[in-house]
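Read through the structure below, which is laid out as structure tokens, and then see the notes.
We name chains A, B, ... by the order of the sequence lines, and we start the count at 1 in each one.
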Amino acid sequence: MPELPEVETTLRGVEPYLKNTKITQVTIRHFSLRWPIDQHLAEIITGQTIHRLYRRAKYLLLECDSGTLIIHLGMSGRLRVLEASDTMSPEKHDHFDMTVANGYLLRYTDPRRFGAILWTESPIDQHPLFAHLGPEPLTASFNTAYLFTKSKTRRCSTKTLIMDGKIVVGVGNIYANEALFSAQIHPKTMVNQLTEDECERLTNSIKNILAQAIKAGGTTLKDFRKSDGKPGYFAQELSVYGRQGKACIRCGSNIEHYKEAQRATFYCPTCQKLK
DNA sequence: AGTATCTCCTGCGTGC
DNA sequence: TGCACGCAGGAGATAC
């Protein structure tokens, strides 16, 4: 499932093919994603030039002449660049194709349709999806002092805190589990119990794990433009996620798991003591 | 206003 | 072989 590193990897993969190119054709086969795709999207963006591609949280943003195309991969979404002249016929879940003037085609595939393709002509910061987002985890504005301050005004578990997009964006379930393990903090720790030192460890863990994953994802970039349907995602080495019953890589204890807020949560009962 | 729960969807694994 | 079922999860919407 695409988390921030996968979205960043996707961005870096498609950017060289799309930047400063004109959109020549748009085909939408399934308008019903998380939100319906604008019925007029094809006619709106055809003929526009993509000036810049960037990422905010897990959204991919394609800045065009008169607005921005917002793409979210949801749970199962994927973007591929194909050669427009040699494009294999679309399959069941290939919902959206965008051909650009240099001969490439961007194809959006999403079996579960939790993703989104939206168009806005407002500044992104004013869009309702973006107006209340917290800082990017890999920037300096996400730091120990910030997290410590936020932890004192909230009443929730640490896992819930770091998965809240208003606090910090881009930390999904897998990396939340991994960051808490790395920082040796029990996921259920109430945030008002967190010490400044724990906030420092957690901040550093989140940054390190995401940065490592992005770096690892970069190794797949050379294979990004493929027509065989291989995703651009990388095989991530996970320390706790999905490892219930297996030995903790640090101390050998059995990894335990439970559900928190409907999400699978994994931790080492020895390394991550609840206070 | 802050927090917890619900919801969208399909593919996959499991049990009968 | 096939069916029913439960599960997975991002994050906005909804209900407290």
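Side chain of A:Y59, nearest nucleotide from C:dG12, C:dA8, C:dG10: C:dG12. Nearest nucleotide to the A:E3 side chain, out of B:dT10, C:dG10, B:dT3: C:dG10. For A:R263, whose side chain is taken as the heavy atoms from C-beta onward, the closest listed nucleotide among C:dG12, B:dT10, B:dT7 is B:dT7. Which of C:dG10, B:dC6, B:dT3 sits closest to the side chain of A:Q262 comes down to B:dC6. Side-chain proximity of A:P111 to the nucleotides C:dG12, C:dA11, B:dG11 is greatest for B:dG11. Closest contact between the side chain of A:M163 and the listed nucleotides C:dC7, C:dG10, B:dC9 involves C:dG10. Here the side chain of A:F114 is nearest to one of B:dG11, C:dC7, B:dC8, namely B:dC8. Checking C:dG10, B:dG11, B:dT3 against every side-chain atom of A:H93, the shortest atom distance belongs to B:dG11.
A:L129 pairs with exactly one of A:T120, A:L118, A:I124 by the side chain to side chain contact (heavy atoms under 4.5 Å, CB included) rule, that one being A:L118. Between A:K159 and the options A:T189, A:N173, A:D164, a side chain to side chain donor-acceptor pair (under 3.5 Å) holds for only A:N173.
Atom OG1 of residue A:T109 and atom NE2 of residue A:H93 lie 9.5 Å apart, to the nearest 0.5 angstrom. Rounding to the nearest 0.5 Å places CD1 of A:I255 at 5.0 Å from SG of A:C268.
Here the P atom of nucleotide C:dA8 and the CG atom of A:L238 are 15 Å apart, to the nearest Å. A straight line from CG of A:L33 to P of B:dT10 spans 11 Å, rounded to a whole angstrom. Atom CG of A:L118 is separated from atom P of C:dA11 by 13 Å (rounded to the nearest Å). If you take CZ of A:R113 and C1' of B:dC9, they are 6 Å apart, rounded to a whole angstrom.
Where A:S157 and A:D110 each meet DNA chain B at their nearest nucleotide, the meeting point lying more 5' is that of A:S157.
Within 4.0 Å (heavy atoms only), A:L129 reaches sugar-phosphate atoms of the nucleic acid but no base atom.
A:H72 has no side-chain polar atom (N or O) that falls below the 4.0 Å cut-off from OP1 or OP2 of C:dG10.
Between A:Y59 and A:F130, the angle of the ring planes lies from 30° to 60°, which puts this pair in the tilted group.
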